[in-house]
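Note on naming: letters A, B, ... go to the chains in the order of the sequence lines (proteins, then strands), and numbering restarts at 1 for each one.
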There are 2 protein chains.
Amino acid sequence: MDAKSLLKEHVSKIVSLTDEQFEYFFSHFKTETYKKGQTVISEGQNVDKEYFVISGCLKSFYVNDEVKMYILQFAMPTWWASDYAALYNKTKATINVDCISDVEILSLSNDDREKLCREIHEVEHFFRWRTNRGYVASQKRLLSFMNNDTKTRYEELLALYPALYNAVPKHLIAAYLGVSRETLSRLYNASKPH
Amino acid sequence: MDAKSLLKEHVSKIVSLTDEQFEYFFSHFKTETYKKGQTVISEGQNVDKEYFVISGCLKSFYVNDEVKMYILQFAMPTWWASDYAALYNKTKATINVDCISDVEILSLSNDDREKLCREIHEVEHFFRWRTNRGYVASQKRLLSFMNNDTKTRYEELLALYPALYNAVPKHLIAAYLGVSRETLSRLYNASKPH
DNA sequence: TAACGAATGTGATCTACATCACGTAATCAA
DNA sequence: TTGATTACGTGATGTAGATCACATTCGTTA
């Protein structure tokens with residue numbers, strides 16, 4: 001499916017926009033393509049856009065002083081990604097976003113989002129809905145982190161993103177789960193049929 | 001400060017409502033008071049309201065099968081609390097909310113919030129803003145969980161809620177940090193002057 | 001003011017996972 | 001095809017924090 005249709009279908013699930021409204025809405029997005037491994041947002045820079053994934057897979061992640069990486073999100077088609085803390089507060093990025101595969105994404109600037117939200121009530125409703133979902137998902141993941149062991153979280157992750165299993169290297173899955181790649185490897189091989 | 005003024009001041013920081021609009025907005029809230037230890041939301045029941053804290057302190061928490069408690073949030077005055085997953089998805093509560101002290105809160109039903117969001121664009125903007133902040137805070141806490149040791153998270157918590165230190169028993173702080181009360185006790189006493 | 005339960009402190013032991021070290025397999029670029 | 005880089009597996013060892021057990025202090029209520 002092309003970018004415009006994908007976005008339209010995604011938005012239509014939540015709010016009804018007239019064709020003119022959607023055209024206007026869509027006119028604020030810009031198509032961008034990246035190759036596997038390229039960087040979309042990197043730590044320290046200004047962030048003024050968020051991204052809607054059309055094809056491929058992004059990851060957003062934090063890297064600490066000891067160069068350990070923690071993945072906040074894998075963004076598959078119809079998912080949104082950015083450094084929202086930096087975007088909303090107009091501060092420098094503290095997280096990175098890059099491409100796990102070749103990707104096509106639509107970018108929307110913070111100013112344009114806010115303008116669209118002001119101009120079209122339905123658009124504001126859509127973005128409120130979107131953040132609500134993100135908030136609930138984030139709380140759920142936090143709880144799972146506190147409550148469940150690594151194996152359970154690994155199974156949860158595969159249930160949430162079944163496509164990931166073959167799409168991304170295992171050390172990235174470990175970085176999402178917050179464990180070392182060695183631990184994930186042992187875990188994974190322990191439950192294999194022998 | 002009385003409930004109405006506190007809510008008005010809180011909302012005014014983000015959006016401008018006319019006096020009539022605010023009166024109308026406020027008319028959908030209901031004052032509720034609880035004693036220390038009473039339950040506001042408990043697991044398994046239907047959830048149809050969210051709460052704005054006027055005075056006192058709530059906690060929202062999850063209890064797992066082994067009866068271990070994990071605190072998602074301490075809600076102080078001007079903070080909002082509910083089981084948002086249950087509220088938004090109209091499912092049964094999986095988390096509990098109860099009172100750490102005597103409290104006064106304002107309740108707003110889900111239906112009324114949605115109605116107000118439809119009727120007054122500014123109100124929708126306010127709630128979008130509120131969820132955005134919650135989302136960013138939740139992501140930040142998740143990262144801290146993955147990246148920092150218990151001591152660092154303990155110091156972060158006290159920086160975020162300085163009032164907590166004397167306001168709540170230490171085993172609740174442990175439940176927020178996701179560690180056992182014994183571990184927190186040792187941590188805390190290790191850094192004491194002798 | 002007595003007494004009971006809740007909150008806290010602290011030792012001993014156990015365990016999941018990190019870290020380090022090294023080897024092998026797969027992928028990619030020239 | 002080959003060399004280099006990246007992904008992955010696995011043993012040995014270290015450690016933060018869990019768990020269990022029990023003592024002590026504090027607060028509430030009768």
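- Each of Arg153(B) and Lys36(B) was matched to the nucleotide of DNA chain D holding its nearest heavy atom; the match closer to the 5' end belongs to Arg153(B).
- When each of dC17(C), dT8(C), dT19(C) is scored by its nearest atom to the side-chain atoms of Val179(A), the top-ranked nucleotide is dC17(C).
- A close approach under 4.0 Å does occur between a side-chain nitrogen or oxygen of Thr150(B) and OP1 or OP2 of dG17(D).
- Atom P of nucleotide dA26(C) and atom CG of Asn166(A) are separated by 15 Å, given to the nearest angstrom.
- Per the geometry, CG belonging to Asn189(A) stands 17 Å off P belonging to dT24(C), to the nearest Å.
- For the pair Glu66(A) CD and dA18(C) C1', the computed distance is 12 Å after rounding to whole Å.
- Of all nucleotides listed (dG17(D), dG9(D), dC28(C)), dG9(D) comes nearest to the side chain of Arg181(A).
- The phosphate of dT8(C) (OP1 or OP2) has a side-chain N or O of His171(B) nearer than 4.0 angstrom.
- Across all strands shown, Gly37(B) has no heavy atoms under 4.0 Å from either base or sugar-phosphate atoms.
- Atom CG in Leu184(B) sits roughly 16 Å away from atom C1' in dT19(D) (whole-Å rounding).
- Straight-line distance from the NZ atom of Lys68(B) to the P atom of dG17(D): 13 Å, rounded to whole Å.
- Nearest nucleotide to the side chain of Thr183(A), out of dT19(C), dT28(D), dC17(C): dC17(C).
- Computed from coordinates, the Tyr188(A) OH to dA7(D) P distance equals 16 Å when rounded to whole Å.
- By the 30° and 60° cut-offs, the orientation of the rings of Phe25(A) relative to Phe29(A) is perpendicular.
- In this structure, the CE atom of Met69(A) is 14 Å from the P atom of dA18(C), given to the nearest Å.
- Under the 4.5 Å side-chain heavy-atom criterion for ILVMFWY residues, a single connected hydrophobic cluster contains both Val168(A) and Val179(A).
- Trp79(B) has its ring centre no less than 6.0 Å from the ring centre of Tyr51(B).
- When rounded to the nearest whole Å, the span between CG of Asp149(B) and C1' of dT19(C) equals 16 Å.
- Taking only distance into account, the side chain of Glu182(B) meets the base of dC20(D) through a donor-acceptor pair shorter than 3.5 Å.
- Hydrophobic cluster membership differs between Leu72(A) and Met76(A), with clusters built from Ile, Leu, Val, Met, Phe, Trp and Tyr side chains linked at under 4.5 angstrom.
- The shortest distance between the side-chain N/O atoms of Lys170(A) and the OP1/OP2 oxygens of dG9(D) is not below 4.0 Å.
- One finds no side-chain N or O of Ser180(A) lying less than 4.0 angstrom from the OP1 or OP2 phosphate oxygen of dT19(C).
- Other residues, nucleotides and ligands place no more than 12 heavy atoms under 6.0 Å from the CZ atom of Arg133(B).
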